[in-house]
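What follows is a short report on a single structure.
Worth knowing before you read on, the calculation uses all heavy atoms, side chains too, and leaves out hydrogens, waters and symmetry mates. What you see is a predicted model; the values in this text were computed from it and never measured.
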Amino acid sequence: MSEMKYKCIGFDADDTLWENENYFRETEQQFAQLVKPYCKKNAAIESLLNIEIDNLKDYGYGVKGFVLSMIEAAIQVSEGKVSNEVILEIIELGKAFLNKPVVLLDGIETVLEKLYNKGYLLIMATKGDLLDQERKLAKSGLSKYFHHIEVMSDKKEENYEKLLCHLEIESRDLLMVGNSLKSDILPVVNLGGSAVHIPYHTTWVHENVELDKSITNYWELESISQLIAHLQL
């Protein structure tokens with residue numbers, strides 16, 4: 001690839017810039033412990049997952065919707081017997097989640113700094129709760145590298161089309177970098193853009209998809225540090 005082939009490089013946030021999914025899995029385990037008197041651990045987590053996915057249409061993505069889903073799951077698995085004390089503990093789990101430290105993934109700031117200094121237009125394009133993502137970005141210290149921040153309700157083709165229109169660039173000018181094939185890679189490639197998939201060690205089951213081996217303009221790297229070599233900088 002030649003230098004500056006892309007006008008814009010987009011980065012997902014959660015599990016691309018900083019750690020996130022492991023906090024969900026950790027909180028799931030704590031939830032299962034709270035409802036242990038009513039339900040076995042695996043059944044509790046399965047119930048929570050099903051409720052989360054069903055609630056996406058109403059709450060969208062993010063910690064707040066996750067907390068509401070935990071409360072609903074606790075009521076469901078206990079058949080309405082869950083105590084007010086447990087509900088309060090679930091709410092406290094959510095508050096603790098929202099105040100988790102922001103841990104940057106190895107090498108991410110070095111990569112962003114180099115791309116920024118090379119003159120690339122960098123954007124953060126993520127989904128989730130606006131307030132939570134703004135908080136994490138502020139704590140991360142990475143905002144100085146980004147020309148634009150976009151917190152989407154979802155990351156489907158139509159969402160990326162709106163983003164491209166706002167940025168006034170063509171799809172071929174965008175390289176998207178992220179950990180989710182479903183949210184970060186396929187929609188962009190389907191629109192005619194390019195994408196780099198950097199898998200994270202933990203992925204929410206709802207984000208898992210089968211990849212069509214025939215797709216083009218897509219690459220998989222082991223770590224963000226390899227992006228510089230991939231762009232031949």
For Ile224 and Gly107, work out which heavy atoms get closest and say how close. CG2-C, 3.9 Å
Kindly determine whether Leu112 and Phe11 satisfy side-chain contact (heavy atoms from CB on, under 4.5 Å), including the steps that lead there. CA-CA 10 Å; Leu112 290 176; Phe11 288 85; 3.6 Å; yes
Taking the side chain as every heavy atom from C-beta outward, state whether Phe31 and Val86 have any atom pair closer than 4.5 Å. no
Are Met152 and Leu137 linked, directly or through intermediate hydrophobic residues, by side-chain heavy-atom contacts shorter than 4.5 Å (ILVMFWY only)? no
Does atom CG (Asp106) have a neighbourhood of more than 12 heavy atoms from anything else shown, all under 6.0 Å? no
Could you tell me if the side chain of Met124 sits less than 4.5 Å from the side chain of Leu142, heavy atoms only? no
Can you give me the closest heavy-atom contact between Gly128 and Val151, atom names plus distance? O-CG1, 3.5 Å
Pairwise distance CD1(Ile123) to CZ(Phe146) - rounded to 0.5 angstrom: 9.0 Å
Determine, step by step, whether Trp18 and Lys136 satisfy the side-chain contact (heavy atoms from CB on, under 4.5 Å) criterion, reporting the C-alpha distance in whole Å, the side-chain angles of both residues, the deciding distance to 0.1 Å, and the verdict. CA-CA 9 Å; Trp18 49 67; Lys136 287 187 285 191; 3.7 Å; yes
Is it the case that the ring center of His197 lies less than 6.0 angstrom away from the ring center of Trp219? no
Going only through I, L, V, M, F, W and Y residues with side-chain contacts under 4.5 Å, is there a path from Tyr6 to Leu191? no
Roughly how far, to the nearest 0.5 Å, is CD of Glu168 from SG of Cys8? 12.5 Å
For Tyr38, look at atom OH and say whether over 12 heavy atoms of other residues, nucleotides or ligands are found less than 6.0 Å away. yes
Would you call Tyr200 and Asn22 a side-chain contact if the rule is heavy atoms closer than 4.5 Å? yes
For Phe66 together with Tyr61, are the ring centres under 6.0 Å from each other? no
Tyr145-Glu109 side chain donor-acceptor pair, cut-off 3.5 Å: yes
Can Tyr116 be reached from Val196 by stepping across I, L, V, M, F, W or Y side chains whose heavy atoms are under 4.5 Å apart? yes
What's the verdict on side-chain contact (heavy atoms from CB on, under 4.5 Å) for Leu131 and Lys64, showing C-alpha distance, side-chain angles and the deciding distance? CA-CA 10 Å; Leu131 184 62; Lys64 293 173 186 175; 4.0 Å; yes
So if I apply the side-chain contact (heavy atoms from CB on, under 4.5 Å) rule between Val111 and each of Leu231, Val177, Ile228, which one comes out positive? Ile228
With clusters defined by side-chain heavy atoms of hydrophobic residues (ILVMFWY) lying less than 4.5 Å apart, directly or transitively, does Leu175 cluster with Leu121? no
Donor-acceptor pair between His148 and Glu150 side chains, under 3.5 angstrom: yes
Rounded to the nearest 0.5 Å, what separates atom NZ in Lys127 from atom CG in Asp12? 8.5 Å
Any side-chain heavy-atom pair from Gln133 and Asp129 closer than 4.5 angstrom? no
Verdict with reasoning, Asp132 to Leu98, per side-chain contact (heavy atoms from CB on, under 4.5 Å): CA-CA 7 Å; Asp132 185 35; Leu98 288 168; 3.6 Å; yes
Rounded to the nearest 0.5 Å, the CG atom of Leu122 sits from the CG atom of Leu115 at a distance of 5.5 Å
Is there a donor in the side chain of Asn20 and an acceptor in the side chain of Lys100, or the other way round, less than 3.5 Å apart? no
For atom NZ of Lys95, decide whether the heavy atoms of other residues, nucleotides or ligands shown that lie under 6.0 angstrom number more than 12. no
salt_bridge(Glu158, Lys156) N-O dist < 4.0 Å: no
ILVMFWY network linking Leu68 to Leu48, side-chain heavy atoms under 4.5 angstrom: no
Met176 vs Ile185 side-chain heavy atoms within contact, under 4.5 Å: no
Please tell me if the side chains of Ile198 and Glu222 come closer than 4.5 Å, counting only heavy atoms from C-beta onward. no
Could you give the distance from CG (Asn159) to CG (Leu164), rounded to the nearest 0.5 Å? 11.0 Å
Quick one: OG on Ser69 to CG on Asp58, what's the gap to the nearest 0.5 Å? 9.5 Å
